[in-house]
Colleague: 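Sharing a structure below in structure tokens format, with a few things to ask.
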Amino acid sequence: MKTNVREVRGVSILDLKGKITIGSGDVQLRETINKLVDSGKKNILINMQDVTTIDSSGIGELVGCYTSVTNKGGKLKLLHLPPKISDVLTVTQLITVFDVYESESEAISSFA
Amino acid sequence: MKTNVREVRGVSILDLKGKITIGSGDVQLRETINKLVDSGKKNILINMQDVTTIDSSGIGELVGCYTSVTNKGGKLKLLHLPPKISDVLTVTQLITVFDVYESESEAISSFA
Amino acid sequence: MTVAETPQDPGPVRLSLSSRFENIEMAQHLCGKLLEGRDVSEETKHWILMALREGLANAIKHGNGQNLSKRVHVEMRVADDTLEIRIRDEGPGFDPKNVGDPLAPENRLKTSGRGIFYMKTFMDDVRFGRAAAGGMEIVLTKKLNASSETEGGER
Amino acid sequence: MTVAETPQDPGPVRLSLSSRFENIEMAQHLCGKLLEGRDVSEETKHWILMALREGLANAIKHGNGQNLSKRVHVEMRVADDTLEIRIRDEGPGFDPKNVGDPLAPENRLKTSGRGIFYMKTFMDDVRFGRAAAGGMEIVLTKKLNASSETEGGER
Ligand SMILES: Nc1ncnc2c1ncn2[C@@H]1O[C@H](COP(=O)(O)OP(=O)(O)O)[C@@H](O)[C@H]1O
Ligand SMILES: Nc1ncnc2c1ncn2[C@@H]1O[C@H](COP(=O)(O)OP(=O)(O)O)[C@@H](O)[C@H]1O
């Protein structure tokens with residue numbers, strides 16, 4: 001997995017690329033989010049557009065990130081969820097947990 | 001492997017497509033050539049352009065076809081040899097056995 | 001005159017890998033090849049490969065504890081248009097009855113515990129057993145050309 | 001902030017297949033995956049896969065006599081930038097000394113007898129032995145990132 005962080009109007013946008021799977025990307029995602037939270041970021045948007053594969057470990061990390069950001073008083077939302085990842089969140093009834101956006105500007109505005 | 005036979009100015013052109021490998025295409029090549037020879041065809045040109053893979057069985061069949069056509073007083077030549085198949089014929093010193101052409105019209109004229 | 005090839009039933013394909021997560025893709029790649037040219041949608045293939053990934057991840061992590069001297073064993077077979085995948089590890093095994101339901105409210109936000117659920121969701125059947133050779137064996141099956149495909153949640 | 005993945009040595013990959021020529025492609029497909037992302041040219045990869053094909057064809061044909069109750073066993077490993085492929089069958093074995101030279105004038109136009117020659121041409125080393133488990137085992141090795149690539153004849 002490759003990660004890139006952009007700051008747009010007070011929102012940290014995390015562009016993910018590749019696999020979020022066990023042993024490759026799962027821990028990395030957590031570490032990246034923790035770094036953002038530790039540096040005081042409260043508004044985090046994960047852009048999932050270029051995520052090619054996710055497995056139960058990746059889903060677990062996503063949930064873990066959600067919890068730790070929320071516990072610190074922040075917000076973690078998702079952008080551009082590929083259909084199959086949406087399916088995977090749906091069957092484990094996680095899709096309603098996350099705020100999911102199809103437009104980056106809408107997503108950014110939602111944090112205001 | 002897929003085979004297609006065209007008749008052009010007294011030459012039977014056999015267009016091969018796909019693999020000439022053990023259990024898939026090797027026997028088929030032999031049968032196609034035998035049918036042509038049995039129906040009295042003497043000028044046979046094998047177009048190798050779309051052959052993706054060949055192995056030692058395929059090469060063996062090619063040599064077998066060459067021998068049986070030659071023994072019946074016919075001529076078997078090759079057209080559009082892909083570089084890797086040329087390599088495979090070269091290392092077993094078979095490249096000089098076959099007449100090889102890069103142009104279909106030249107190949108056809110050579111039978112005259 | 002055009003003669004096409006016919007696909008063949010290749011018999012059981014057996015693979016064994018050392019206990020590294022990176023190797024999961026090897027098995028997926030091979031399974032993809034086994035399914036090539038068969039009457040199975042890209043969609044179904046995707047979910048099968050995800051189930052395979054989950055089964056292998058469990059075998060490597062929980063079964064073999066990522067111990068590189070232990071191996072994971074996969075057998076894949078297509079017969080009667082049904083894919084059967086057997087995944088065996090060299091670990092202590094476990095009782096599937098003790099596995100929690102990831103949909104239960106108290107588990108919903110846990111960071112783990114969804115692998116077996118995904119396998120059950122995406123395959124027709126998941127069976128658990130102890131292998132004769134020792135270790136845990138799970139058997140995943142999936143009818144390939146099922147007319148109504150119900151996997152992967154609604155969209 | 002960009003973090004790339006590192007490739008890993010996946011340990012020995014073992015595959016067993018039933019004695020069908022159609023299965024040769026499964027092993028090739030897996031070997032291709034094992035070589036993915038490594039410092040090896042498409043050219044070299046092509047010749048490696050051809051050598052693998054020849055070894056498997058021999059194991060299936062001459063070793064196992066296409067008997068579907070016998071299997072071919074392949075172990076593939078990359079260590080120190082060298083690929084080692086072991087191909088084992090369940091047949092009677094043979095003495096490589098008795099194999100004719102396909103370049104000898106009297107063999108030049110034979111319809112068979114080039115498989116071992118191709119393996120030797122395209123790989124760095126081909127060794128023949130009897131496997132402990134019975135059957136014939138051939139071991140093919142190839143340095144992957146050799147600076148001067150001499151395989152495949154001149155062009
Ligand atoms: N092959 C295995 N060997 C031993 N225990 C296993 C195996 N597979 C699963 N388990 C047990 O079942 C539990 C649930 O597995 P799973 O649903 O895949 O979720 P997770 O792997 O995230 O815990 C695991 O935590 C583990 O205790
Ligand atoms: N795995 C094997 N088991 C038994 N005999 C073998 C095996 N591999 C090769 N041979 C013997 O070596 C000979 C030469 O093999 P090869 O050079 O591949 O050419 P071909 O397979 O076309 O005969 C074969 O004809 C066979 O007698």
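First the proteins, then the strands, lettered A, B, ... as listed; each starts at 1. These values consider heavy atoms only, across backbone and side chains, with no hydrogens, waters or symmetry-generated copies.
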Colleague: Quick one: does Ser18(D)'s side chain have a donor or acceptor within less than 3.5 Å of a partner on Pro10(C)'s backbone?
Modeller: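 Yes: the side chain of Ser18(D) pairs with the backbone of Pro10(C).
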
Colleague: Relative to chain D, which segment of Leu34(C) carries a heavy atom at a distance below 4.5 Å: side chain, backbone, both, or neither?
Modeller: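 Backbone plus side chain of Leu34(C), per the 4.5 Å heavy-atom cut-off to chain D.
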
Colleague: What part of Glu25(C) is in contact with chain D, defined as an atom under 4.5 angstrom from a non-hydrogen atom: side chain, backbone, both or neither?
Modeller: both

Colleague: Who among Glu75(C), His73(C), Met26(C) has the most heavy-atom pairs with chain D under 4.5 Å?
Modeller: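 That would be Met26(C).
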
Colleague: Around atom NZ of Lys120(D), are there more than 12 heavy atoms of other residues, nucleotides or ligands at under 6.0 Å?
Modeller: no

Colleague: Would you call Leu15(D) and Arg14(C) a side-chain contact if the rule is heavy atoms closer than 4.5 Å?
Modeller: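 Side-chain contact under 4.5 Å: no.
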
Colleague: Verify the neighbour count for atom CG of Asp95(D): are there more than 12 heavy atoms of other residues, nucleotides or ligands below 6.0 Å?
Modeller: yes

Colleague: Go through Val74(C), Asn23(C), Leu17(C) and name the one with the most non-hydrogen pairs under 4.5 angstrom from chain D.
Modeller: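 Result: the option with the highest number of such pairs is Asn23(C).
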
